[in-house]
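In the text below, chain A, chain B and the rest are named by the order of the sequence lines, each starting its count at 1. Scope of the values below: all heavy atoms of this structure, side chains included, with no hydrogens, waters or symmetry mates.
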Amino acid sequence: MNPAVFEIGKFARLTVIWLSIIFGAVWAACWAVGVFAPALINASGMPTETASLASEVLRALVPVVAVAVFIPINAMFMVLCERRALALFTVRKGPNRVGPDGLLQTAADAVKLLFKEDITPHGADAVMFTAAPIIFFAPSIIGVLPLLAAASGNHELFRSVNLPTGIFYVLAIASIPVVGIVMGGWASNNKYSLVGALRSAAQAISYEIPLVLSIVAVCLMAGTLDVVKIADQQKDSLLSWNIFGGGALLPYVNLVVAGLQGNNEQVQAIMQHFQAQPLGPFAAVLMVVCCIIFFGIYITGACAEVNRIPFDLPEAESELVSGYNTEYSGIKFAIFFLAEFTNLFVVCSIASIMFLGGGHAPLPGLEQGFTEMLGGILKQLPGSKEIFSPGWLINSLVNPSTVSQAFWIILKTYSLVIFAILIRATLPRFRIDQLMAFGWKRLIPLSLILLIALTYLRELV
Amino acid sequence: MEGFPQLTTWAQANVEQAVFYLLAVIAIPLAYGVVCDRNIIRSGFLLIGVFSTIAGLFILLSAQFLALAQIMIYGVGITLVVVIALMLTNPKAEKESMPALSIHKGPAIFVACFLFMCVYLALRSAENWPVKTDVAALSAAENLSRIGQSLLTNYSFHFEFASILLLAALIGAVMLAKAEPAVHDLNELSANEDKLKSSERADDVVKV
């Protein structure tokens, strides 16, 4: 066999194994806290009042448990995935010694990092030096909560974290980490750290504007900030995804389909609609173009926000040793590391919810068919009403529509993560003046013009 | 917290007040630190903490949007830029700030007392500050859309006026920046400044 194909197969195997570990653990933890423990409490014969309060507290804790279980394992996977993918792109082997085919490499790395000595440099501001990694990491835990509601398809255990300010909450919380970077860079009492921190702040503030404008464009089309509603509006098919104009092309595709089927009444009904809007087709095509460009702007801004190559100037090792985290070691460095990969995951999941239809399948009927099939199988199980019977266990573990949504959102989000790794393997680093010029002179005017264009095109479609 | 009726009632009875006092206990020392810390950059970071706790108070008042705007604009945006400007321009501030405090003690106390009395009297006269009681009925989503609508209808003049003010400030900043020497001089200048700053901080370390 061709060795490249063999390597790709090994990479795919690693990804599948790690993803099943991650989401199996999250699934089991959520089920244990949200379903099994409340059932146990209700069956234990406590006073009703206390029992229902306790089970409500447990169910309210599910989103937090899910995130707390997810983040460390996910970061371990993403580090390994990035190293193996980079090796693949540059025709190397990558880490393949620890465990079967290098599967346990990052678990070993994590243990090593935790046992390293935690050093506070002489002359550093000790309190702020310690607070910086926490401020950098905490937002990635509390910021993803509304996304959980959208990613699980408004599952009843995650519904409580869906805020009406949805995406604005996520963006506001996602702007906090830069405070941690500046704080850490200044408190380290090291000029490389300070320069790295200042660069990071300049970069984050500049690239936040196009990033937020592209999200604003999506909210403008959706008419809401609520992530669950935005994901729901894109449920029909590929064409109703926001990257393809949020359904702008749908009537024209319907027209073609009706014409092919020879359904004259429907054709005439749609044609009447078009006569009211003669510019409709052009506007729809332009809108799709605008949305695709906005997606590109979002990805660019997101890469800059999370300090990925080609925007990793805050830690450019050829100029600044390691940037803002030069003086960090041991567990504090581990926290910085963890947060960086979690932030990458968060921006990718925002992209897949806002632009790529969230947990919905790309083709119509796929999701419904799967849900009905799995639901049919689950109904066949014996004794599904009786509590703690095997049928009850499986029925409470598996929710058909959530399984389908989880599959699609995992696929989309990790595809974007691997795309980000591909970018890292492909593009060289920007210079700082190129970075600022690109942000302020290209991206911001472009996104402003597109936003205005989109506002008018929306009325014409 | 829809879907958790019992938890919501329990939280409203027990947790809300506790959270308020917790936020107050965090906010007041931080605010004190902003005024009294000798290191101006550290007090800038403390100010970010104060703004965040105030955002927490907004959340307690079920004004989610205001809380998030507070964090995003005041906490992270403006204050961080001010802190960075301080880092770049005024490394000696820690020494200068001390005499300023002792010289202007009298006027400072007067201004503080005067402001406190103003705010206190304004808040005490409840009839001049009518509190709307039906606000709690608004859900957060309606609240959000009402903010947007009133900004662009009833208060559009104020909104536009604020944006013109910001534009003027931006143009002023551009004018100030234009008066600087050419680019290569600037690079030299900043390099010198960096050297100056690092040597000074090294001096401080030695003294400590």
Side-chain angles (χ1 to χ4, degrees), chain A residues 49-50 52-60 121-125 127-128 131-132 135 139 156-157 159-166 168-179 181-183 185-187 189-192 194-195 197-198 201-202 204-205 208 212 223-226 229 433, chain B residues 1-11 39 41-42 44-46 48-49 51-52 55 59 63-73 75-81 83-88 139-145 147-148 183 187 190 194-195 197-199 201-202 204-206 208:
Chain A
E49 193 86 334
T50 331
S52 64
L53 183 61
S55 56
E56 268 185 20
V57 169
L58 281 173
R59 283 197 289 131
H122 185 67
D125 189 323
V127 177
M128 279 169 56
I135 293 176
E156 59 173 333
L157 286 175
R159 203 169 289 159
S160 60
V161 288
N162 179 32
L163 301 170
T165 41
F168 185 61
Y169 171 85
V170 178
L171 289 174
I173 301 296
S175 67
I176 295 178
V178 68
V179 175
I181 292 183
V182 175
M183 211 181 222
W186 181 76
N189 194 17
N190 174 329
K191 58 185 162 189
Y192 296 118
L194 186 67
V195 173
L198 293 180
I205 289 170
E208 199 158 329
V212 171
T224 177
L225 292 178
D226 191 324
K229 283 184 194 154
D433 58 323
Chain B
M1 292 295 275
E2 51 173 320
F4 300 108
Q6 268 194 311
L7 188 59
T8 315
T9 35
W10 180 79
N39 189 328
I41 291 173
R42 199 187 299 145
F45 281 117
L46 290 176
I48 296 179
F51 281 136
S52 311
I59 288 178
Q64 264 179 35
F65 181 76
L66 284 185
L68 296 173
Q70 174 90 8
I71 289 178
M72 200 173 183
I73 298 169
V76 178
I78 295 177
T79 319
L80 197 65
V81 171
V83 168
I84 289 167
L86 282 175
M87 280 182 192
L88 287 175
S139 77
E142 287 166 32
N143 204 339
L144 191 63
S145 62
I147 290 174
V183 181
N187 285 341
S190 59
D194 275 353
K195 269 184 214 156
K197 194 160 33 178
S198 56
S199 62
R201 285 191 70 186
D204 288 352
V205 173
V206 172
V208 167

Undergrad: Would you mind telling me which of A:I205, A:V179, A:L171 has the largest number of heavy-atom pairs within less than 4.5 Å of chain B?
TA: A:V179

Undergrad: Which atoms of A:I176 come close to chain B, meaning under 4.5 Å heavy atom to heavy atom: side chain ones, backbone ones, both, or neither?
TA: both

Undergrad: Which bit of A:L225 is near chain B, if near means a heavy-atom gap under 4.5 Å: side chain, backbone, both or neither?
TA: side chain

Undergrad: Got a sec, which residues hit ring pair (Phe, Tyr, Trp, His ring centres under 6.0 Å) with A:Y192, two or more places apart in sequence or on another chain?
TA: none

Undergrad: Calculate, to the nearest 0.5 Å, the distance between atoms CD1 and OH belonging to B:I71 and A:Y169 respectively.
TA: 8.0 Å

Undergrad: Would you check, one step at a time, whether the test side chain to side chain contact (heavy atoms under 4.5 Å, CB included) holds for A:E208 with B:M72?
TA: CA-CA 11 Å; A:E208 199 158 329; B:M72 200 173 183; 3.7 Å; yes

Undergrad: How far does OG1 of A:T165 sit from CG of B:L144, to the nearest 0.5 angstrom?
TA: 7.0 Å

Undergrad: Contact part of A:M128 toward chain B, heavy-atom cut-off under 4.5 Å: side chain, backbone, both or neither?
TA: side chain

Undergrad: Below 4.5 Å from any heavy atom of chain B, which atoms of A:V170 appear? Answer side chain, backbone, both or neither.
TA: neither

Undergrad: Give, as side chain, backbone, both or neither, the part of B:L68 having an atom under 4.5 angstrom from any heavy atom of chain A.
TA: both

